[in-house]
Chemist: 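Before we start, here is the structure in question, set down as structure tokens.
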2 protein chains.
Amino acid sequence: MDTIFHALSDETRRQMLHDLADGERSVTELAAPHDMSLAAASKHIKVLEKAGLIRREIRWRTHICHLEAAPLKRAHDELAFYERFWTSRLDVLERLLAEEDAQQRKDKDNPNPSHGDDR
Amino acid sequence: MDTIFHALSDETRRQMLHDLADGERSVTELAAPHDMSLAAASKHIKVLEKAGLIRREIRWRTHICHLEAAPLKRAHDELAFYERFWTSRLDVLERLLAEEDAQQRKDKDNPNPSHGDDR
DNA sequence: TCATCAGTCAACAATTTGGTTAAATGAAAT
DNA sequence: ATTTCATTTAACCAAATTGTTGACTGATGA
């Protein structure tokens, strides 16, 4: 997860992913829109590759990159956990309940042995 | 976006966010599960704050942190762009079409009519 | 044989990150 | 006035990140 989110934390790399959503691209093609050396772009691509966000297919001289969506889904799923905090007004209520619950948790400094809710 | 994804790229910080989903937490409470100094945890919290992922309410000595979901939604939406690459079998077709399109785009560039799918 | 071309690798530098310890802050309680 | 407590700040350090330039690779094709 660290590497996935890290890979996504750079505009250059996000742009490259976006480009790859339109189809395969060579390293040079991916690098073209960015104002940096090819070597620098190559490093970015390697970061994406190590995060599993792209797959590389070497055809003769050119390295063809493909989007690999599975890790994106994992990241997306991870964020979905927080969906209730931004979606409907119903969930605002839900959120308030959670906060109230936390308040109760805090109010009792002495643990009550007669209750265990999880697991 | 950079700062949001960067904030998410650290397990300690993701854990803190997760804890905050259960309700408000003080800095000390957020730091407790993590094997590091309070000062280090404080830095992590500041990273989250700068990314807009948490809001801080100072009540006397203790700083109470709240989850701020809006940036999480932005990140989630950004990733949703790639949804078609992992969802339904219908979208697998869509993806194939995109790749085929890219192939055509390439054939125009490189007028070599025989592209054998070798290996 | 030799230049070419796509891309990587190596070495270097500046900046950021993530951690440490020790000192500072600032209002409340004593 | 002094202590206390939650937290921040400062100074420092090692490692990672992001960029540069220049040399290397390895199959092609003139």
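Numbers restart at 1 for each chain; the letters A, B, ... are given by sequence-line order, proteins then strands. If you're wondering where the values come from, they're calculated on a predicted model, not measured in any experiment.
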Chemist: How is B:T12 classified with respect to the nucleic acid when contacts are heavy atoms under 4.0 Å: base, sugar-phosphate, or nothing?
Modeler: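 Answer is nothing: B:T12 stays at 4.0 Å or more from every strand.
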Chemist: Could you check whether any side-chain N or O of B:Y82 sits under 3.5 Å from a backbone N or O of A:H18, counting only pairs where one atom can act as donor and the other as acceptor?
Modeler: yes
Chemist: By side chain to side chain donor-acceptor pair (under 3.5 Å), which residues pair with B:H6, not counting sequence neighbours?
Modeler: none
Chemist: In whole angstrom, what separates B:H63's NE2 from C:dT25's C1'?
Modeler: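 Rounding to the nearest Å, NE2 of B:H63 and C1' of C:dT25 are 10 Å apart.
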Chemist: Taking only N/O atoms, report every protein-nucleotides 14-18 of chain C pair under 3.5 Å with atom names and distance.
Modeler:
unit_1, atom_1, unit_2, atom_2, d
C:dG18, OP1, B:R13, NH2, 3.4
C:dG18, OP2, B:R13, NH1, 3.0

Chemist: Go through A:L53 and A:L20 one step at a time and tell me if the side chain to side chain contact (heavy atoms under 4.5 Å, CB included) criterion holds.
Modeler: CA-CA 10 Å; A:L53 290 166; A:L20 285 172; over 6 Å; no
Chemist: Just one of A:E49, A:Q15, A:M16 clears the side-chain contact (heavy atoms from CB on, under 4.5 Å) bar with A:H44, so which one?
Modeler: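 Going through A:E49, A:Q15, A:M16 one by one, the side-chain contact (heavy atoms from CB on, under 4.5 Å) with A:H44 is satisfied by A:M16 alone.
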Chemist: Expressed in angstrom and rounded to an integer, what is the separation of A:E57 atom CD from C:dA6 atom P?
Modeler: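 Roughly 17 Å, once rounded to whole Å.
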Chemist: So if you build clusters from Ile, Leu, Val, Met, Phe, Trp, Tyr with side-chain heavy-atom gaps below 4.5 Å, do A:M1 and B:L8 land together?
Modeler: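 Same cluster: A:M1 reaches B:L8 through Ile, Leu, Val, Met, Phe, Trp or Tyr contacts under 4.5 Å.
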Chemist: To the nearest Å, give me how far apart NZ (B:K46) and P (C:dG19) are.
Modeler: 15 Å
Chemist: Could you check whether any side-chain heavy atom of A:D2 comes within less than 4.5 Å of a side-chain heavy atom of B:R14, counting everything from C-beta outward?
Modeler: yes
Chemist: State, yes or no, whether a side-chain contact exists between A:E57 and A:H63 at a heavy-atom distance under 4.5 Å.
Modeler: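 Not in contact.
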Chemist: What string of B, S and - do you get for nucleotides 21-30 of chain D 5' to 3' if you count protein non-hydrogen atoms under 4.0 Å?
Modeler: B----BBS--
Chemist: Where do B:V47 and B:D10 land on the side chain to side chain contact (heavy atoms under 4.5 Å, CB included) test, with the steps shown first?
Modeler: CA-CA 10 Å; B:V47 169; B:D10 184 280; over 6 Å; no
